[in-house]
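Below is one structure, written out as C-alpha cells; comments come after it.
Numbered from 1 within each chain, the chains take letters A, B, ... in sequence-line order. Fair warning: this is a prediction, and the values are worked out from it, not measured in the lab.
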2 protein chains.
Amino acid sequence: MARILQERAPLVRNASAAATELIREAIVDGRLPPGQRLKEEELARELGISRTPVREALLILQAEGLVDAAPNRGAVVRSHDADDLEDLYQLRALLEGYAARRAAASISEAAVAGLHASCERFESLIEGDVQELVKENLLFHNVILDASRSRRVAELVRKVIELPLVYRSYIWYSVEQRRISAHYHRQITRALEARDGERAELVMKEHVYEARDVLVSKVREAEERE
Amino acid sequence: MARILQERAPLVRNASAAATELIREAIVDGRLPPGQRLKEEELARELGISRTPVREALLILQAEGLVDAAPNRGAVVRSHDADDLEDLYQLRALLEGYAARRAAASISEAAVAGLHASCERFESLIEGDVQELVKENLLFHNVILDASRSRRVAELVRKVIELPLVYRSYIWYSVEQRRISAHYHRQITRALEARDGERAELVMKEHVYEARDVLVSKVREAEERE
DNA sequence: CTTGACCATACAGTATGCAATCCGCATCGT
DNA sequence: ACGATGCGGATTGCATACTGTATGGTCAAG
C-alpha cells in the first residue's frame, strides 16, 4: 500500500484531523478501493503517526459511512451495490430538491449571478476536462445548498454524496448527457432567478434522477460481469 | 457529576460501545444537560474504564451531533436553540413524510395491523403516563420507517431526532393535543392501509409540523426568560 | 485423504505516561 | 487604573506498552 497516502502540505492542525482528511480523500478519489482493508498499524506507519490518531480517523470515517468496521476485525473501505446507490440518489433528490425550493425563496442577486457564471463555465467544459467539469458541478450544487439557508440539509447532502462513485460519475457521461446537465443547471438557475421554488425543485430532482440512472446502470453492468 | 452514569447491565461488549451508549442515553434523557462539560478523565473514572474508550465515545457522539468539541478544549453537551430546532423539524417532516409515502407502496398487512394496535394503545394512554406515550409514539414512527424500505432514510431520521427535547416533547402536550396526535396516527394508518401514499405523506408532515410548533414555542418562551 | 483440535501470529482493544496546549490569575510596567 | 506578560494548574493530544480475540496453519487421529 506504499505511496497511497502521501501528504503534500504540513499536517493540517492535529494528527487525527490530518489523518481523517488524507484517508477520506484517498477513499473518495479511489486510491483506496472498496473492500480494501485498513490496518491501523499500516496506516500509522505510512502517515508517520501512532495508532491512536489513526483509530480516531477510522472512527470518524465510520460515522460518515465511508468505512465498515467489525469488532476485533478492523476496518475496510465500504462498498456500495447498485441498490444502495439507488436508495442514496433517491434521498439526494429529495434533499437537493428541497434545498432548491428553499433557495428560491431567499437567494441573493449575487448568488444568482454566481450560478449563471457557473453555467457559462460548465457549458464551456462540455467537451473539456472531466475533472474540471466535476469541480464546476460541485460548485454549482454547493451554491444552492448554501442559499437554502438550512445548515442541516446542506450538511446532510454533503455527507450523503461523499462517495467515490458520486464524484467520479461524470466520467460515464456522454457529451450529449453533459449538454443536458448544462441545460438543467441553466434551467435551475432561471427558476431560482424567477423565485419559482416549485420549478427549481422539479428540475433539480430530474437532474439528480438522471445522474442516478447513468450511475446505477453502469454499476449494474459491472455487477453483472462478476 | 457523581452517580449520573451508572450502568445497570454488564458492559455490552467492549468498553467504547458501552461508554457511547451510556453517555448518549444520559444526554438524551437529560441527566447531562446542554452545555455540560464532558471531561475525559471524569467520565473514565465514573465508568471505571480508561480515557481511551471514553475519547472514542465522545468522538462518535460528536459525529452524531450530540456533543460539541473544540481542539484542546474538550467536549460539551451540544445545546440547540429554537432556530436550530425549527430547521431540524422541517427536515424531519420532509424525511418522515417521504418515508410514509414510500411505506404506502410496500407495507405488509402485518405491519398495518401492528400500526392499528399501536393506535389503540396510544389512545388508551391519552390521559396516562407520558413516558409510556413517548415510547408508543416512537414505536409507531419506527414501524413506518422500517416499512419505507429505505435503510438510509430510516437511519437518518433516527439520527436526526436523537435529541433530548425531541424525546421529551410530549411533556408539553395538552390532553387535547394528545388526542389530535392519536387522530393523526390513526389517519396515517388508514392511509397506509388504503395504499394512499400521498395522503400518508401529507398527514405525517402535518403531524410533525404540529410537534414542531409546540416544541419551538416552548423553547422560545424559555429563551425569552433569559 | 479428510477432519478436528491446538497453537502461533497478527491485529484490534485498552491502559497509561508524557508532551503540548489552553486558561485563569497574579505580577509587573506604563 | 489598566493592559501586557509570564507562570502554574488543568486537560487534551499523542505515543507506546500490554492484553484479548480471531484466524489460518499444522499435525494427529480417524
Side-chain angles (χ1 to χ4, degrees), chain A residues 1-2 4-7 9-24 26-27 32 35-78, chain B residues 1-2 4-7 9-24 26-27 32-78:
Chain A
M1 196 199 280
I4 288 182
L5 293 177
Q6 46 201 338
E7 70 256 34
L11 287 188
V12 196
R13 222 176 312 132
N14 53 49
S16 319
T20 307
E21 292 200 16
L22 286 167
I23 300 172
R24 187 189 0 245
I27 293 175
L32 290 171
Q36 172 76 258
R37 279 204 64 184
L38 300 169
K39 300 182 204 169
E40 298 177 356
E41 222 168 314
E42 197 174 2
L43 292 170
R45 215 178 325 115
E46 243 189 279
L47 294 167
I49 56 182
S50 81
R51 278 177 52 212
T52 308
V54 172
R55 281 179 68 80
E56 302 195 348
L58 291 177
L59 224 54
I60 291 169
L61 295 172
Q62 193 186 350
E64 290 181 5
L66 283 176
V67 316
D68 273 337
N72 288 314
R73 313 228 336 238
V76 299
V77 177
R78 182 165 168 189
Chain B
M1 196 199 278
I4 289 182
L5 293 177
Q6 45 201 337
E7 70 257 34
L11 288 187
V12 195
R13 208 172 334 133
N14 54 49
S16 318
T20 307
E21 292 201 15
L22 287 167
I23 299 173
R24 188 191 357 247
I27 292 175
L32 291 171
Q36 171 76 258
R37 277 202 66 183
L38 300 168
K39 299 182 205 169
E40 297 176 357
E41 211 167 337
E42 197 175 1
L43 292 170
R45 214 179 326 114
E46 245 189 276
L47 294 168
I49 55 181
S50 80
R51 279 177 51 212
T52 307
V54 172
R55 284 178 66 81
E56 301 197 347
L58 291 177
L59 222 57
I60 291 169
L61 294 172
Q62 192 186 349
E64 290 180 5
L66 284 176
V67 315
D68 272 337
N72 288 313
R73 306 211 303 140
V76 300
V77 178
R78 183 165 168 188

Give me, pair by pair, the N or O atoms of the protein and of nucleotides 6-8 of chain C that are less than 3.5 Å apart, along with how far apart they are.
none

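Among all heavy-atom pairs drawn from B/P53 and B/I49, the shortest one is CG-CD1, 3.8 Å. Across A/E56 and B/R55, no two heavy atoms sit closer than the pair OE2-NH2, 2.9 Å. The minimum heavy-atom distance between A/E40 and A/V54, with the atom names listed, is O-CG1, 3.9 Å. Nearest approach of A/L58 to A/V67, heavy atoms of both residues: O-CG2, 3.8 Å. For the pair B/V76 and B/L38, the tightest heavy-atom approach, listed with the atom from each and the gap, is C-CD1, 4.2 Å. Looking at every heavy atom in both residues, B/R78 comes nearest to B/G65 through CD-O, 3.2 Å.
When side chains are defined from C-beta on, B/L66 does not count as touching B/V77, because their heavy atoms never get closer than 4.5 Å.
Contacts between residues 52-61 of chain A and DNA chain D, defined by a heavy-atom separation below 4.0 Å, involve A/T52, A/P53, listed by number.
Axis deviation across the helix from C/dC1-D/dG30 to C/dT30-D/dA1 amounts to 10°, comparing end segments of five pairs, rounded to 10 degrees.
Ion pairing between a basic and an acidic side chain is recognised when a charged N comes within 4.0 Å of a carboxylate O; B/E64 and B/R24 show such pairing.
Within the model, atoms OG1 of A/T20 and CG of B/L59 stand 8.0 Å from one another, a figure rounded to the nearest 0.5 Å. Between the OG atom in B/S50 and the CZ atom in B/R45 there is a gap of 13.5 Å [rounded to 0.5 Å].
Nearest nucleotide to the B/N72 side chain, out of C/dC22, C/dG13, D/dC14: C/dC22. Listed nucleotides: C/dG17, D/dC18, D/dA15. Nearest to the side chain of A/I49: D/dA15. For A/K39, the side-chain atoms get nearest to C/dC11 when compared with the rest of C/dC18, D/dA17, C/dC11. Comparing C/dC18, D/dA15, C/dT14 by their nearest atom to the side chain of B/S50 picks out C/dT14.
For the pair B/R73 and C/dT21, the criterion of a side-chain N or O lying under 4.0 Å from OP1 or OP2 is not met.
Position along DNA chain D of the nearest nucleotide to A/S16 versus A/P71 favours A/S16 as the more 5'-ward residue.
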